[in-house]
Asker: 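Okay, here's the structure, questions in a sec.
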Amino acid sequence: MSLATTYSPTDVEAKWYQRWQEQGFFKAKPNPKKKPYTVVIPPPNVTGVLHMGHMLNNTIQDVLVRRARMQGKEACWVPGTDHASIATEAKVVALLKEQGISKTDLTREQFLAHAFEWKDKYGGIILEQLKQLGASCDWDRTRFTMEPDLTDAVLRVFVDLYNKGLIYRGVRMVNWDPEGRTAISDEEVIAKDVQAKMYYLKYAVVGQEGQFLTVATSRPETIMADVAVAVNPNDPRYAHLAGQKVRIPLLGREIPVIFDEYVSMDFGTGALKVTPAHDLNDYELGVKHNLPVIDILADNGTLNEKAVLYVGQDRFAVRKQIAKDLQEAGLLEKIEEYASIVQTSERTKAVIEPKLSLQWFMKMEQMAKPALDVVENDTVKLHPPKFKNMYRAWMENVRDWCISRQLWWGQQIPAYYLPDGTFVVALTAEDALQQAIAQTGKADLQLSDLRQDEDVLDTWFSSWLWPISVFDGFKDPDNADINYFYPTNDLVTGPDILFFWVARMIMAGLEYRQEVPFKNVYLTGIVRDAQGRKMSKQLGNSPDPLDLIAQYGADGVRTGMLFSAPAGNDLLYDVKLVEQGRNFSNKLWNAFRLVKGWEADASLPFVNAKPVEWFNAKLQAAIVEMDDHFEKFRMSDALMTIYKLTWDDFCAQYLEMVKPAYQHPIDAETLRHTTAYLETLLKLLHPFMPFITEELWHELAERGPRDYVTVAPWPRATAPANSAETLANMDKALAIVAGIRTVRNQKNLGPNKPLTLVAKTDEPQLVTDYEGIIRKLGSILEVSFADAGPAASVSFVLGGSEFFIPLEGHIDLAAERARLEKELEYAQGFRDSVQKKLGNEKFAQNAKPEVLEKERQKLADAEAKIAALEQALKGL
RNA sequence: GGGGGAUUAGCUCAGCUGGUUCAGAGCAUCUGCCUUACAAGCAGAGGGUCGUAGGUUCGAACCCUACAUCCCCCA
């Protein structure tokens with residue numbers, strides 16, 4: 001045989017991916033004769049590179065899509081990338097900085113030119129990497145969230161929602177990212193636990209020399225923005241301060257003491273400094289008590305001139321310095337350690353500052369309601385369903401979405417300001433002008449009089465339209481693609497963007513198509529390392545996916561990831577998993593080598609009816625099981641089913657049963673069945689291991705020009721007659737084989753030392769029927785029947801039957817007796833417990849008849865076994 | 001602080017409405033094998049009082065209560 005004993009994936013994989021593309025197997029177009037099956041990719045960042053999370057996520061999508069394709073559906077997997085406004089802009093800014101260019105030196109147009117140049121050069125690498133994984137996307141449909149058509153969709157939606165009154169502009173407290181110098185939405189903020197300090201500051205009471213009011217704060221650098229100190233009206237400690245003023249330490253400005261039940265008496269000193277510009281709660285308190293707002297922070301997190309002190313210094317530097325200065329001034333009572341949380345930016349990791357600013361918002365309440373309903377009533381199913389609770393909690397407490405970002409990389413907000421300070425919202429500048437003229441009555445307004453809003457929209461404001469916009473459903477709401485492919489079927493993504501993205505897509509789908517965007521949402525876990533740590537650059541614990549593919553093959557990596565990836569559970573990645581995947585490829589390869597090497601001889605009789613019938617029963621049961629697992633999105637279990645069928649049932653059992661002696665031909669019918677089985681296995685394995693199955697598909701037989709396993713029909717289960725009996729009988733036969741092998745192991749006989757078997761059984765027909773298999777797999781020369789075992793022999797009991805292997809010189813009577821006695825004791829104990837159960841009147845009254853019947857059967861079986869064991873002991 | 005989930009073999013997990021020979025899988029472990037498809041392999045074996053304590057029931061890994069530990073989301 002010339003085929004190598006180990007499978008080498010590298011050449012094979014590149015070859016088949018190219019052929020598939022040449023054949024156009026991944027291209028989808030509306031086809032009324034077929035059912036559509038649609039998946040839209042969660043678009044990765046355009047500048048991203050493939051990491052382990054993508055590998056898992058896209059493997060799952062590919063498995064679903066490939067299976068659907070084989071099931072004869074018009075499978076459409078739409079790929080694409082996301083412009084990721086804040087992340088990409090940050091990268092471009094950093095890159096320009098390296099070249100000595102500052103963003104502030106550039107115009108918007110110049111900056112965008114740089115950004116696009118960079119995007120064209122490095123963008124989309126990730127899509128090429130997905131091809132190496134085997135992803136069967138329709139690449140002709142590749143979209144980008146900032147391309148003209150998708151931008152058009154974004155602008156249309158903005159204008160529409162504005163006209164419906166769902167988008168508004170207003171001053172609100174927003175999350176300000178001083179690093180990205182932009183507002184971000186609540187969902188982009190991540191709370192982190194930190195060990196912080198609590199500073200106790202002394203505010204002098206005006207007009208009462210030597211009297212101080214002590215205020216505890218974790219942010220002493222904001223005292224310059226204080227406008228009041230608040231205490232609880234029920235707090236006797238401070239009742240005397242009614243109508244008094246206190247002086248801000250260092251600064252000396254006088255501020256009132258106010259009373260509000262909001263203040264907690266047991267936190268800190270019970271006195272709270274009120275800083276409306278830099279804390280949401282303080283802001284609300286300020287509004288209630290009609291207090292001014294003093295904003296002392298600049299956009300980059302330094303103090304501005306309103307602070308008076310420390311102007312131009314960073315807030316954290318000021319915190320350290322002011323503590324020192326307060327100490328020296330005698331105005332710092334003490335500092336305490338204190339466990340706190342800080343809000344950080346999901347993208348830049350910078351500490352967020354609450355900041356009052358003028359931003360655009362989208363009202364969420366009205367849209368959230370129907371989007372919650374469809375999940376509650378399972379129109380959209382979440383897998384696993386535990387995420388339903390999380391989803392509900394979020395949707396019931398949803399807040400308005402801040403959609404404006406102070407960035408350049410993104411869709412510029414289509415709002416146009418007029419000289420009089422009012423604005424209009426329109427799809428184009430020309431439309432805006434018309435509106436402006438109509439609104440003001442000034443016919444002489446020019447385009448140059450209008451100034452477009454400088455801000456761009458949140459990236460998610462384009463992603464939330466993705467399932468519709470990739471099919472041009474906004475520009476052309478009745479086109480053939482959208483009508484056919486929408487709603488999509490399954491969405492595969494991480495739970496971290498359930499609200500960012502999934503919930504909002506549902507809202508957009510219901511708003512613009514009156515239909516949910518997908519029926520199932522499969523939420524993957526996070527890929528962690530073997531110790532359960534997140535993959536991170538600092539730890540260096542994240543393998544390079546492309547290295548893995550090169551080393552283990554894409555098939556090996558794909559199956560490796562899926563071996564341990566139940567939905568919603570984190571996957572603890574271990575190289576052993578990928579090795580297991582690679583080993584499985586190799587197992588399959590060798591099974592193929594064996595079958596391929598057989599010569600058929602048509603003159604030989606068909607001797608393998610039993611194995612052929614048995615494996616068919618196994619195969620059909622496995623197909624049913626796999627379909628069920630797929631139905632429930634249990635991908636790991638579906639893989640495990642076909643893994644065990646292939647490895648254990650096909651290779652370890654079936655092939656060993658039918659394998660002819662070395663260099664002997666095989667009968668033609670057995671070969672025909674075996675080849676057909678192998679083909680079916682290749683089909684069932686294909687979604688998981690597309691490359692090796694395609695390779696073997698073509699190696700196994702001459703194929704027509706379009707005959708690929710990629711488009712082969714998915715096997716349909718047909719229940720064979722007498723399937724249960726076939727399986728049960730073979731189980732008995734294999735138990736006899738296992739008994740023989742156990743004896744070989746115990747007695748240290750090699751696997752090939754010829755032995756004979758004597759059966760004392762009430763099922764002689766079964767033993768006769770399966771004698772060939774028992775002889776072959778057990779290396780048994782001869783099987784005979786007797787009422788008693790030969791003197792010098794080892795025996796084992798199965799059910800009510802006893803089997804003897806004559807072994808002169810290997811018998812240790814005492815040990816045999818001990819072993820049998822132990823078995824007998826166990827069987828008796830079991831029989832007693834069943835008897836007791838059956839003897840219980842209440843059990844007999846309450847148990848269902850089938851349960852009772854089963855218990856009686858158990859008792860009968862146990863008694864037969866006990867009898868056989870007692871006989872065996874007597875025979876010793 | 002509010003809400004949710006989890007706790008089953010060394011590890012990762014199944015175990016559907018309580019009852020299939022006193023709880024299963026994969027991996028790992030141990031023993032023996034280079035047996036002519038495959039040592040990336042073959043054959044066999046061991047390993048769990050189902051987090052703890054109560055309760056309901058003829059019967060509990062599964063239902064109820066409390067406690068403990070861990071994780072996630074929100075504040």
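Throughout, protein chains are lettered first and strands after them, A, B, ... in sequence-line order, and every chain is numbered starting at 1.
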Asker: Rounded to whole Å, please give me the gap between CD in A/Q343 and C1' in B/C74.
Answerer: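 My rounded result for the distance is 11 Å.
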
Asker: Taking side chain as C-beta onward, heavy atoms only, is A/L685 less than 4.5 Å from A/I692?
Answerer: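 Counting from C-beta outward, A/L685 and A/I692 never come under 4.5 Å.
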
Asker: Given B/G4, is OP1 or OP2 found less than 4.0 Å from the side-chain N or O atoms of A/W394?
Answerer: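 For B/G4, OP1/OP2 do not have a side-chain N/O of A/W394 under 4.0 Å.
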
Asker: Would you indicate which nucleotide in B/C73, B/C42, B/G44 comes nearest to any side-chain atom of A/M390?
Answerer: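 Closest nucleotide among those given: B/C73.
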
Asker: For A/R392 and B/G3, what is the distance between atoms CZ and C1' respectively, to the nearest whole Å?
Answerer: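 Distance check: A/R392 CZ to B/G3 C1' gives 10 Å.
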
Asker: Taking atom P in both B/C11 and B/G51, what distance in whole Å separates the two?
Answerer: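 One P to the other, the span is 14 Å.
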
Asker: Look at all strands and tell whether A/N586 reaches a base, only sugar-phosphate, or nothing, counting heavy atoms closer than 4.0 Å.
Answerer: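 A/N586: base contact, heavy atoms under 4.0 Å.
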
Asker: Answer with base, sugar-phosphate or nothing: what part of the nucleic acid does A/A393 contact at a heavy-atom distance below 4.0 Å?
Answerer: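 Answer is nothing: A/A393 stays at 4.0 Å or more from every strand.
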
Asker: Please tell me which of the listed nucleotides, B/C73, B/A37, B/C58, lies nearest to the side chain of A/K842?
Answerer: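 The closest nucleotide is B/C58.
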
Asker: Between B/A43, B/C38, B/C58, spot the one nearest the side chain of A/A652, thanks.
Answerer: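 Nearest to the side-chain atoms of A/A652, counting from C-beta on, is B/A43.
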
Asker: Is it the case that the side chain of A/D649 and the backbone of A/Y654 share a donor-acceptor pair, with hydrogens and angles ignored and the cut-off at 3.5 Å?
Answerer: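 The answer is no, because no donor-acceptor pair under 3.5 Å joins these two groups.
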
Asker: Send over the distance from A/I666 CD1 to B/A37 C1', rounded to a whole Å.
Answerer: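 A/I666 atom CD1 is separated from B/A37 atom C1' by 13 Å.
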
Asker: Does A/R634 make a side-chain N or O approach to OP1 or OP2 of B/C16 shorter than 4.0 Å?
Answerer: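 For B/C16, neither OP1 nor OP2 has a side-chain N or O of A/R634 closer than 4.0 Å.
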
Asker: Do any side-chain nitrogens or oxygens of A/K747 fall under 4.0 Å of OP1 or OP2 in B/G44?
Answerer: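 Answer is no, no contact under 4.0 Å.
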
Asker: B/C74 P sits how many Å from A/M395 CE, rounded?
Answerer: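 The answer, rounded to whole Å, is 14 Å.
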
Asker: Sequence neighbours left out, what passes side chain to side chain contact (heavy atoms under 4.5 Å, CB included) with A/S723? Give chain and number order.
Answerer: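 With sequence neighbours excluded, A/S723 shows a side chain to side chain contact (heavy atoms under 4.5 Å, CB included) to A/A617, A/P720, A/L727, given in chain and number order.
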
Asker: B/A75 phosphate, OP1 or OP2: any side-chain N/O from A/N397 under 4.0 angstrom?
Answerer: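 For A/N397, the contact criterion (side-chain N or O under 4.0 Å from OP1 or OP2 of B/A75) is not met.
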
Asker: Taking atom C1' of B/U35 as reference, at what distance in whole Å does atom CG of A/N752 sit?
Answerer: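 After rounding, the reported distance stands at 4 Å.
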
Asker: So what does A/W598 hit on the nucleic acid, given a heavy-atom distance under 4.0 Å: a base, only sugar-phosphate, or nothing?
Answerer: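 Nothing, no heavy atom under 4.0 Å.
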
Asker: Which is true for A/R399 with a 4.0 Å heavy-atom rule: it touches a base, it touches only sugar-phosphate, or it touches nothing?
Answerer: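 Sugar-phosphate contact only - A/R399 comes under 4.0 Å of backbone atoms but never of a base.
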
Asker: For Watson-Crick and G-U wobble pairs within 3.5 Å on both distances, what is RNA chain B written in dot-bracket notation, | included for inter-strand pairing?
Answerer: (((((((..((((.....[....)))).(((((.......))))).....(((((..]....)))))))))))).

Asker: Could you state the atom-to-atom distance from CZ of A/R582 to P of B/A39 in whole Å?
Answerer: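 After rounding, the reported distance stands at 12 Å.
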
Asker: Answer yes or no: is there a donor N or O on one side and an acceptor on the other, between the side chain of A/R744 and the main chain of A/L749, under 3.5 Å?
Answerer: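 Checked: no pair found.
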
Asker: So does A/R399 pair up with A/E365, basic N to acidic O under 4.0 Å?
Answerer: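 No, no charged N to carboxylate O under 4.0 Å.
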
Asker: Hey, are A/R593 and A/E699 close enough for a salt bridge, meaning a charged N less than 4.0 Å from a carboxylate O?
Answerer: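 Between A/E699 and A/R593 there is no salt bridge, as every charged N stays at least 4.0 Å from the carboxylate O atoms.
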
Asker: Would you call A/K388 and A/D378 a salt bridge, taking side-chain N to carboxylate O under 4.0 Å as the test?
Answerer: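 Answer for the salt bridge query: yes.
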
Asker: Looking at A/K587, I'd like to know whether one of its side-chain N or O atoms comes within less than 4.0 Å of OP1 or OP2 on B/A40.
Answerer: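 No, A/K587 has no side-chain N/O under 4.0 Å of OP1/OP2 on B/A40.
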
Asker: Between B/U31 and B/C67, how far is it from one C1' atom to the other, in whole Å?
Answerer: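 Rounded to whole Å, the distance is 44 Å.
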
Asker: Checking contacts here: which listed nucleotide (B/G44, B/C38, B/C72) is nearest the side-chain heavy atoms of A/T5?
Answerer: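 Within the option list, the nearest is B/C38.
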
Asker: Which nucleotide in the set B/A75, B/A45, B/G4 lies at the smallest distance from any side-chain heavy atom of A/N389?
Answerer: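 Nearest to the side-chain atoms of A/N389, counting from C-beta on, is B/G4.
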
Asker: Between A/E579 and A/K576 (salt bridge meaning N to carboxylate O under 4.0 Å), is one present in this structure?
Answerer: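 A salt bridge is absent here (no side-chain N lies under 4.0 Å from a carboxylate O).
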
Asker: Closest to the A/W647 side chain: B/C73, B/G41, B/A45?
Answerer: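 Nearest to the side chain of A/W647 among the choices is B/G41.
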
Asker: Heavy atoms only, 4.0 Å cut-off, all strands: where does A/R744 land among base, sugar-phosphate and nothing?
Answerer: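 Touches nothing.
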
Asker: Taking the side chain of A/L594 as heavy atoms from C-beta outward, which of B/A45, B/A37, B/C58 is closest to it?
Answerer: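 Given the options B/A45, B/A37, B/C58, the side chain of A/L594 is closest to B/A37.
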
Asker: Determine the interplanar angle of the A/Y391 and A/F499 rings, folded into 0 to 90°, and report it as parallel if under 30°, tilted if 30 to 60°, perpendicular if over 60°.
Answerer: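 Because their plane-to-plane angle lies in the 30° to 60° range, the rings of A/Y391 and A/F499 count as tilted.
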
Asker: Looking at A/L700, is its backbone amide N or carbonyl O close enough to the side chain of A/K596 to form a donor-acceptor pair, meaning the two atoms are under 3.5 Å apart?
Answerer: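 Side chain of A/K596 to backbone of A/L700, a donor-acceptor pair under 3.5 Å: no, none is there.
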
Asker: Which of the following nucleotides, B/G41, B/C58, B/A43, is nearest to the side chain of A/F843?
Answerer: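 Nearest nucleotide to the side chain: B/C58.
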
Asker: Answer yes when A/R533 and A/D529 have at least one side-chain N-carboxylate O distance shorter than 4.0 Å, and no when they do not.
Answerer: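 Salt bridge: yes.
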
Asker: Between the base of B/A37 and the side chain of A/E656, is there a donor and acceptor pair under 3.5 angstrom?
Answerer: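 Side chain to base: pair found, below 3.5 Å.
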
Asker: For A/Q653 and B/C42, give me the distance from atom CD to atom P, rounded to whole Å.
Answerer: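 After rounding, the reported distance stands at 11 Å.
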
Asker: Rounded to whole Å, how long is the line connecting atom CG of A/N590 with atom C1' of B/C38?
Answerer: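 Taking atom C1' of B/C38 as the reference, CG of A/N590 is at 3 Å.
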
Asker: If a protein heavy atom is under 4.0 Å from the base, mark B; if only from the sugar-phosphate, S; if neither, -; do that for nucleotides 23-29 of chain B going 5' to 3'.
Answerer: --SSS--

